[in-house]
Each structure stands twice: as C-alpha cells, then as structure tokens.
Amino acid sequence: ALEKDLPEFLAPDSPTRRVGAPPAEGFSTLRHRKKMLSLDNTYVADELRQWDQRCRKGLVDADEISYFAELKIDGVSVNLVYEDGLLRHGVLRGDGVFGEDVTSNIRTIRAIPLRLRGDGAPGILEARGEIFMSRRDFIAMNRERQEGGFDLFANPRNATAGTLKTLDPEVVAKRKLLFFAHSLGDAGSVLFSSQKDFLERIKAWGLPVNPYSRVCESIGDVLDYCAYWQDKRDTLDYEIDGIVVKIDSLSAQARLGQTQKSPRWAVAYKFPARQATTKIRNISVSVGRTGVLTPVAELEPVSCAGVLISNATLHNFDEIERLDVRVGDRV
C-alpha cells in the first residue's frame with residue numbers, strides 16, 4: 001500500500017516485485033554479453049582420461065593442474081545479468097548468442113536474489129546457472145495436474161522448461177523452482193583466480209551454489225568423484241545426469257580456449273540412463289474436472305530414479321493403440 005501511495009520509493013528489489021507482473025503476450029530476445037557455450041560429453045572413464053591428456057598437451061608448461069568437479073543438474077540453463085548489484089535480466093540460453101528474456105518469471109524464484117549483498121560485486125555480472133525442480137515438488141505438482149485433468153509433465157526438467165516459458169508469472173511463483181549458479185559469463189574488470197574462487201565470491205554475494213562441488217587434484221580423484229555420485233545420485237532430492245569437470249584455474253581456461261561450440265577446458269561426464277522393468281496390472285481411466293479422460297497404467301510398484309513408481313500415464317487412446325499396450329504386458 002505504501003508503494004502504491006508513494007511510488008517514488010518503490011525499490012527494484014522490493015518483495016512486491018517477486019510476483020504481480022501482468023501475464024506477458026510473449027517473450028523478447030536478448031543477446032548474451034558473452035556466448036553461452038555447450039559442453040562436450042563423455043560417457044566412459046577412458047574418454048575422460050583422453051580429455052585430460054588433451055588439456056595437458058595444451059598446458060604443456062603449466063604447473064600442476066587441478067580440476068573442479070560439479071554435479072550436473074538436470075535443469076534449464078539461464079543467464080542472470082546484474083547491473084550495479086540489481087537483477088536486470090534473466091535470459092534462457094537459446095542458441096548461445098540470443099536467448100528469451102524471461103525476467104518476469106525469474107523474479108518469482110525466491111532462490112535468486114533481486115539484489116546482490118555485501119561488497120565487491122562488479123558493476124556488470126553475468127552469472128550462469130541451472131534452474132530446476134525438486135523431485136518432491138515435481139511429484140506433488142503432477143498429482144495435482146492429474147486430479148485436475150491436465151496433461152502430466154514427463155520429468156522435472158520438462159516441467160521446469162514449461163514453467164519458465166509460462167506467460168503468467170503467478171503460475172511460475174507457485175511451482176517452487178530452485179537455482180544453482182555454476183559459471184561466469186561477463187564480470188567487467190573484476191577478476192577471479194579460479195572456478196572455486198568464483199563460486200565462493202558469488203556465494204558471499206547471495207547467489208546459491210551447489211554444496212557438493214569440490215577441487216580434485218588428479219584425474220583419478222575426478223573419476224572417484226564421478227563414481228561416488230553415480231552411486232549416490234538417488235540420495236538427492238533433485239535430478240543429476242552426470243558430472244561437469246573443469247580446469248580450476250581461470251588463466252589456464254583462457255589459454256585452452258574454446259571451439260565454435262564448446263570450451264576445451266570443461267567436459268560433461270554423463271551417467272548411464274536409468275531404467276526399470278515391471279508389469280502392467282490394470283489400465284484405468286481418470287476423469288479430470290473438465291471431463292478430460294486420461295488412461296493410466298497401474299503397475300507393479302518398481303523403484304527407479306529414487307521414486308517408487310506404481311502408475312504411468314498412457315497419455316491418450318491413440319498412444320495405447322500405437323504401443324499395443326495390454327494388461328499383463330512387461331514394460
């Protein structure tokens with residue numbers, strides 16, 4: 001009420017700016033100050049060792065090389081732009097050069113600060129990271145959608161992507177999206193010595209970072225870290241699909257450079273896809289409040305990705321016919 005009566009005192013980081021923007025008619029695009037690259041993927045230990053050897057050849061006269069290993073969050077990449085400590089833009093990756101400006105939606109995510117705190121933040125800061133949804137919130141949201149007769153999201157990443165492109169910020173605010181920062185875009189003249197230094201400093205400025213990232217002194221340590229989290233991934237309340245490995249030193253990163261699409265100093269070690277097999281006990285039909293009929297396969301409960309699955313949507317009757325799904329089938 002005070003802001004309405006005295007609009008000259010409306011602060012750009014006021015809590016009232018979190019929600020309340022009118023629904024958008026569409027999103028404009030913005031150019032990233034620095035290109036958002038994609039990562040090359042590796043799938044086995046030998047490929048990770050080969051990447052390590054390529055880095056060592058490129059840094060032939062360097063001192064000991066250390067690595068920074070991070071959980072690869074299965075979410076949606078975003079570029080946060082802060083000017084003089086205030087959040088000005090939240091832009092999706094897009095094609096790496098231009099991305100959709102979804103600032104009105106980004107403002108509703110409480111994990112993302114509207115104003116950086118403390119001292120030392122650069123006048124311009126591009127902080128890249130991943131927006132994602134917890135498993136718990138994903139399951140609860142899909143349960144509500146099923147009861148309401150709406151289509152279900154296939155997985156948390158799909159739900160996050162759909163949410164960020166929703167034109168109504170109030171819908172976004174209700175979905176409890178989360179955020180971890182992981183990469184530097186542009187920071188003007190402010191310098192960081194390493195990936196570890198960058199993450200520690202932006203954490204002090206109020207940006208959330210993943211607590212499980214760490215420095216590894218050898219590629220053997222990196223492989224141990226990958227093996228540990230491949231085994232423990234289901235203990236997390238969010239999805240990860242691998243490990244991102246970076247050369248820790250930012251000066252070494254600059255020397256290695258990049259290709260047209262990917263940095264030479266970073267790589268993603270991807271986990272194998274997870275699967276489970278079970279049996280269809282029955283096929284029932286749920287009726288939504290709008291009268292939409294959704295066929296659902298009732299399964300013998302099976303654990304997969306840390307979730308006990310006992311039902312799976314069959315989407316529609318055309319899909320049942322296409323797959324020839326029947327009671328008693330193994331799926």
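Nothing here was measured: the structure is a model prediction, and the numbers come from that model.
Using a cut-off of 4.0 Å between Lys/Arg side-chain N and Asp/Glu carboxylate O, Asp168 and Lys174 are scored as not salt-bridged. Under a 4.0 Å N-O distance rule, the pair Arg322/Glu319 qualifies as a salt bridge. Taking the charged nitrogens against the carboxylate oxygens, Glu126 and Lys34 have no contact shorter than 4.0 Å, which rules out a salt bridge.
No side-chain donor-acceptor contact under 3.5 Å links Thr108 to the backbone of Ser104. A side-chain donor-acceptor contact under 3.5 Å links Gln253 to the backbone of Ile247. Distance alone, capped at 3.5 Å, is enough to place a donor-acceptor pair between the Asn142 side chain and the Phe153 backbone. Thr235 places a side-chain N or O within donor-acceptor distance of the main-chain N or O of Lys232, the cut-off being under 3.5 Å. With hydrogens and angles disregarded, a donor-acceptor distance shorter than 3.5 Å links the side chain of Thr42 to the backbone of Ala268. At distances below 3.5 Å, not a single donor-acceptor pair connects side-chain atoms of Arg175 with backbone N or O atoms of Leu164. Between the side chain of Arg145 and the backbone N or O of Asp151, at least one donor-acceptor pair lies under 3.5 Å.
Among residue pairs with one or both ends in residues 247-293, none qualify as ring-ring contact (aromatic ring centres under 6.0 Å, His included); sequence neighbours excluded.
By the criterion of side-chain heavy atoms lying less than 4.5 angstrom apart, applied directly or through intervening Ile, Leu, Val, Met, Phe, Trp or Tyr residues, Leu223 is grouped together with Ile65 in one hydrophobic cluster. No continuous path of ILVMFWY side-chain contacts below 4.5 Å connects Val244 to Phe198, so the two sit in separate hydrophobic clusters.
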Return a table of donor-acceptor pairs under 3.5 angstrom between the side chains of residues 44-52 and protein atoms on other chains or two or more places apart.
{"residue": "Asp46", "atom": "OD1", "partner": "Arg49", "partner atom": "NH1", "Å": "2.9"}
{"residue": "Glu47", "atom": "OE1", "partner": "Tyr43", "partner atom": "N", "Å": "2.6"}
{"residue": "Trp51", "atom": "NE1", "partner": "Arg264", "partner atom": "O", "Å": "3.1"}
{"residue": "Asp52", "atom": "OD1", "partner": "Arg56", "partner atom": "NE", "Å": "3.3"}
{"residue": "Asp52", "atom": "OD1", "partner": "Tyr67", "partner atom": "OH", "Å": "2.3"}
{"residue": "Asp52", "atom": "OD2", "partner": "Arg56", "partner atom": "NE", "Å": "3.3"}

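A donor atom on one side chain and an acceptor atom on the other are found under 3.5 Å apart for Asp137 and Ser134. In the model, Lys196 has no side-chain atom that pairs as donor or acceptor with a side-chain atom of Ser66 under 3.5 Å. A side-chain N or O of Ser284 and one of Glu298 form a donor-acceptor pair less than 3.5 Å apart. Judged purely by distance below 3.5 Å, without hydrogens or angles, the side chains of Glu70 and Gln195 pair a donor atom with an acceptor atom.
For the side-chain contact (heavy atoms from CB on, under 4.5 Å) criterion with Ile73, the lone passing option out of Glu239, His182, Glu130, Arg157 is Glu130.
Summarising the hydrophobic clusters (Ile, Leu, Val, Met, Phe, Trp, Tyr; side-chain heavy atoms under 4.5 Å, direct or chained), the residues clustered with Val97 are Phe98.
The ring of Tyr212 has its center closer than 6.0 angstrom to the ring center of Trp229.
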Before giving the answer on side-chain contact (heavy atoms from CB on, under 4.5 Å), spell out for Phe180 and Leu178 the whole-Å C-alpha distance, their side-chain angles and the decisive distance to 0.1 Å. CA-CA 7 Å; Phe180 284 138; Leu178 303 170; over 6 Å; no
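Considering CG of Leu184 and CG of Leu125, their distance stands at 7.0 Å, rounded to 0.5 Å.
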